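For this chain, numbers begin at 1 and follow the sequence in order. Since we're looking at a predicted model, the values are computed, not measured.
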Amino acid sequence: MKYHAIAIDGPSSSGKSTIAKIVAKKLNYLYVDTGAMYRAFTYACLKNKIDPKNEKESIKLIDKIEIDFNKENNVTLDGIDVSKEIREKEVNDNVSYISTYKDVRTHLIEAQRKIAYNHNVVMDGRDIGSYVLPFADVKIFQVAEVNERAKRRYKENLAKGIECSFEEILENLKKRDYIDSHREYSPLKRADDAITIDTTYMSIEEVSNNILKIIKEKGINI
């Protein structure tokens with residue numbers, strides 16, 4: 001049986017997760033939030049008193065923890081839902097370092113590909129179309145202006161009861177953009193056959209409908 005894969009890439013807080021969840025629900029596909037997996041690994045390092053900036057010590061955790069998703073589609077660490085914890089400031093400040101480590105990426109990418117080989121998926125991240133799932137049926141590169149992305153993350157955190165400041169989020173996003181696009185192994189970049197969608201001035205409904213239209217045009221039944 002051939003499974004279908006939809007890849008949605010883009011910088012942090014460009015709305016990938018929100019849109020990917022909607023598209024996955026519409027298609028009745030499995031939604032895979034790859035960014036949450038890197039955040040969970042970062043949280044695991046912090047929880048184990050490991051400095052995420054220390055690559056050598058961080059990668060020692062790879063075979064000692066289990067990162068998965070529960071039936072609510074929330075990320076779990078050793079069976080415990082950590083979806084709120086991975087959005088806290090300390091994780092935000094360190095996840096970019098973890099995501100540059102080749103051994104960590106190789107381990108998590110292998111897990112992500114295994115999921116895609118066995119399910120119809122909508123997967124979002126930063127290198128899904130360009131590296132993780134180069135065979136994806138549809139590749140979307142979703143972008144938005146950094147100030148708009150900071151506003152979205154700020155509102156999202158407040159809604160979840162996470163203390164933060166707009167200025168901190170803005171600076172964090174700028175730093176994250178630089179690190180993600182300049183890392184040596186599997187950097188953030190648009191796949192050659194991806195379709196770019198700028199969501200800065202678009203509503204969630206407009207973006208999701210646009211992507212669903214693209215998927216339909218590719219011959220995938222909706």
Seminar exercise, completed: Closest heavy-atom pair, D177 versus S12, reported as atoms and distance to 0.1 Å, is OD1-N, 4.3 Å

Exercise. Are F41 and L188 in one and the same hydrophobic cluster, where Ile, Leu, Val, Met, Phe, Trp and Tyr link if side-chain heavy atoms are under 4.5 Å apart?
Worked result: no

For this session: Check whether any side-chain heavy atom of V32 sits under 4.5 Å from a side-chain heavy atom of I128, and report yes or no.
Result: no

For this session: Report yes or no: does E206 contribute a side-chain atom to a donor-acceptor pair with the main-chain N or O of S203 at less than 3.5 Å?
Result: yes

Exercise. Taking the six-membered ring of Y185 as reference, does the NZ or CZ atom of R126 fall below 6.0 Å from its centre and within a 45° cone about the axis?
Worked result: no

For this session: Flag yes if M123 and V143 sit in one hydrophobic cluster, no otherwise; membership is Ile, Leu, Val, Met, Phe, Trp, Tyr, and two members link when side-chain heavy atoms are under 4.5 Å apart.
Result: no

Exercise. Shortest non-hydrogen contact from R183 to T100?
Worked result: CB-CG2, 3.8 Å

Problem set entry | Check against salt bridge (Lys or Arg N to Asp or Glu O under 4.0 Å), K174 and D180 | CA-CA 10 Å; K174 289 179 179 178; D180 285 346; over 6 Å; no

For this session: Give a yes-or-no answer on whether the side chains of R190 and T196 include a donor-acceptor pair shorter than 3.5 Å.
Result: yes

Exercise. Under a 4.5 Å side-chain heavy-atom rule over Ile, Leu, Val, Met, Phe, Trp and Tyr, are I214 and M202 clustered together?
Worked result: yes

Exercise. Which atom pair, heavy atoms only, marks the closest approach of A144 to D198?
Worked result: CA-OD1, 3.8 Å

Exercise. Do S17 and Y31 have side-chain N/O donor and acceptor atoms under 3.5 Å apart?
Worked result: yes

Exercise. Within the distance-only criterion (no hydrogens, no angle test), does the side chain of H182 pair as donor or acceptor with the backbone N or O of Y178 below 3.5 angstrom?
Worked result: yes

Exercise. If every non-hydrogen atom of L133 is compared with every non-hydrogen atom of A116, which pair is closest and at what distance?
Worked result: CD2-CB, 3.6 Å

Exercise. Side chains of Q142 and I211: closer than 4.5 Å at any heavy-atom pair?
Worked result: yes

Problem set entry | Check: K16 side chain, P11 main-chain N or O, donor-acceptor pair, under 3.5 Å | yes

Exercise. Is there a salt bridge (Lys or Arg N to Asp or Glu O under 4.0 Å) between R152 and E148 once you walk through the steps?
Worked result: CA-CA 6 Å; R152 293 173 182 174; E148 177 62 24; 3.3 Å; yes

Exercise. Without hydrogens or angle criteria, can the side chains of T76 and D81 be said to hold a donor-acceptor pair below 3.5 Å?
Worked result: no

For this session: Using a 4.5 Å cut-off on heavy atoms from C-beta on, say whether the side chain of D51 contacts that of E57.
Result: no

Exercise. Where do H4 and N120 come nearest, in terms of heavy atoms and distance?
Worked result: N-OD1, 2.6 Å

Exercise. If only atom types and distance count, is the side chain of D78 paired as donor or acceptor with the main-chain N or O of E66 below 3.5 Å?
Worked result: yes

For this session: Assert yes or no for the condition that the ring centre distance of F135 to Y117 is strictly below 6.0 Å.
Result: yes

Exercise. Are I86 and Y101 co-members of a hydrophobic cluster defined by side-chain heavy atoms under 4.5 Å apart?
Worked result: yes

For this session: Search all heavy atoms of S181 against all heavy atoms of P187 and return the closest pair with its distance.
Result: O-CB, 3.8 Å

Problem set entry | Residue pair D33, K21: steps toward the salt bridge (Lys or Arg N to Asp or Glu O under 4.0 Å) verdict | CA-CA 9 Å; D33 180 357; K21 288 176 185 176; over 6 Å; no

Exercise. N92 pairs by side-chain contact (heavy atoms from CB on, under 4.5 Å) with which of K175, R176, R153, E168?
Worked result: R153

Problem set entry | Connected via hydrophobic side-chain network under 4.5 Å: Y38 and Y43 | yes

